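Remember, predicted model here, so these are calculated numbers, not experimental data.
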Amino acid sequence: MTKLAKPFYTRPDVVQISRELIGKYIFTRMDGVLTGGRIVETEAYCGENDLACHSHSGRRTTRTEIMFQEGGMAYVYLIYGIYCLFNIITNVAEKADAVLIRAIEPTEGIPEMLLRRNHTQVTPKLTAGPGLVTLALGISKKHYGTDLTGDLIWLEDLGELIPENQIISSPRVGVDYAGEDALLPWRFRLKNSRWTSKAK
DNA sequence: TACGCGATGGCCT
DNA sequence: GGCCATCGCGTAC
C-alpha cells in the first residue's frame, strides 16, 4: 500500500515534510466519489518561533486545538469568510506544526472536480490556490480533525522521485503581518509546473 | 495582461 | 472592531 502512514507525519521537521510532500498525491472519497491529484505547492508553518503560524508560541484556542494533537490529522479553517484551507498536522503532540496544501495537479475524478468548481475546462484555475484545492476535493470545515490515515482524506506516495533541484523554495504568501518570519523560505513549488498558484 | 476591490464570517484584541 | 495562510469579477488599457 502506498498510503502515507502515521510515522510520516509524526516526524519533527515540518519544513522537511513540507518539501517531501511535493510529488506526493492527495485523495478524497466523498460519498464514494474518488478525486485527487499530485501535490505541486505547499507551505510549512511551525508552532515554535513562527509568527505566521496560527498556533505560534502556544496559542491554543478552539480553532487551533487540533494542531496540538499528534501529526496525521487535518486542520481546516475558514478564511475571508468564504474559503476553507486544508492543512496537514505534523510532529508529535503539543508541537503544533502544519503544512498547507496550496495547489495540486488534478489526476483523479476530474469530472467531479469540474462540477464542484463549476468549470467546463481543465485549467490551472481548477486547483491552483489553497481555497480552490479544498473546493475541488470537496473538503470543508466539517473535515476539521479528520484522520489522514483513514479512507475519507489521505495521501499517497506513488514512487515518483522529485530531485531536490526541481523544488523551488520562496517566502510564503499573505503573511506580511508576521514580521521577519514572513521572509522564511517555507513555500515549496514544483519547478516548471503549470499547476502552481501565481500569487507572490 | 494588470490592477482594484467586494464578498463574507469567525477569530482575537 | 480590525484583520485575515483568498478568489473572481470588473474596469482600464
[N] [atom2] sits how many Å from [X] [atom1], rounded?
X	N	atom1	atom2	result
Leu51(A)	dT13(B)	CG	P	13 Å
Ile79(A)	dG8(C)	CD1	P	15 Å
Leu132(A)	dC9(C)	CG	C1'	14 Å
Tyr177(A)	dC4(C)	OH	C1'	7 Å
Lys125(A)	dT1(B)	NZ	C1'	11 Å
Asn118(A)	dC9(C)	CG	P	10 Å
Met67(A)	dA5(C)	CE	C1'	10 Å
Leu126(A)	dG8(C)	CG	P	10 Å

Minimum-distance nucleotide to [X] side chain [options: [options]]:
X	options	result
Arg63(A)	dC4(C), dG9(B), dC12(B)	dC12(B)
Ile82(A)	dT6(C), dC12(B), dA7(B)	dA7(B)
Arg59(A)	dG8(C), dA5(C), dT13(B)	dT13(B)
Tyr75(A)	dG8(C), dA5(C), dC12(B)	dA5(C)
Arg117(A)	dA5(C), dG10(B), dG8(C)	dG8(C)

>> Going by side-chain contact (heavy atoms from CB on, under 4.5 Å), Ile104(A) matches just one of Leu126(A), Val40(A), Thr127(A). Which one?
In response: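 Between Ile104(A) and the candidates, side-chain contact (heavy atoms from CB on, under 4.5 Å) is satisfied uniquely by Thr127(A).
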Tell me whether the side-chain N/O atoms of [X] come closer than 4.0 Å to OP1 or OP2 in [N].
X	N	result
Tyr83(A)	dG8(C)	no
His54(A)	dC11(B)	no
Thr62(A)	dC11(B)	no

> Can the ring centres of Tyr77(A) and His54(A) be said to be less than 6.0 Å apart?
Replying inline: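 Judged by ring-centre distance (under 6.0 Å), Tyr77(A) and His54(A) do meet the cut-off.
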> Got a minute to check which stems DNA chain C is part of, using Watson-Crick or G-U wobble pairs under 3.5 Å, three or more consecutive?
Replying inline: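 Consecutive-pair runs (3 or more) involving DNA chain C: B:1-7 with C:6-12, B:9-12 with C:1-4.
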> Does NZ or CZ of Arg11(A) lie under 6.0 Å from the centre of the six-membered ring of Tyr9(A), at an angle within 45° of the ring axis?
Replying inline: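 Arg11(A) over Tyr9(A) ring: no.
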> Can Ile22(A) be reached from Leu100(A) by stepping across I, L, V, M, F, W or Y side chains whose heavy atoms are under 4.5 Å apart?
Replying inline: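 Cluster IDs for Leu100(A) and Ile22(A) differ.
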>> Roughly how many Å apart are dG6(B) and dG2(C), using the P atom of each and rounding to a whole number?
In response: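 About 16 Å, rounded to a whole number of Å.
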> For Arg116(A) and Thr35(A), does a side-chain donor sit closer than 3.5 Å to a side-chain acceptor?
Replying inline: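 A pair is found: one side chain offers a donor N or O, the other an acceptor, under 3.5 Å apart.
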>> Checking side-chain polar atoms at under 3.5 Å, does Thr107(A) have a donor or acceptor matched by the opposite partner on Arg38(A)?
In response: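 No - no donor-acceptor pair under 3.5 Å links their side chains.
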>> For a side-chain contact (heavy atoms from CB on, under 4.5 Å) check, start with the C-alpha distance between Thr90(A) and Val99(A), then their side-chain angles and the critical distance, and finish with the verdict.
In response: CA-CA 7 Å; Thr90(A) 67; Val99(A) 176; 4.1 Å; yes
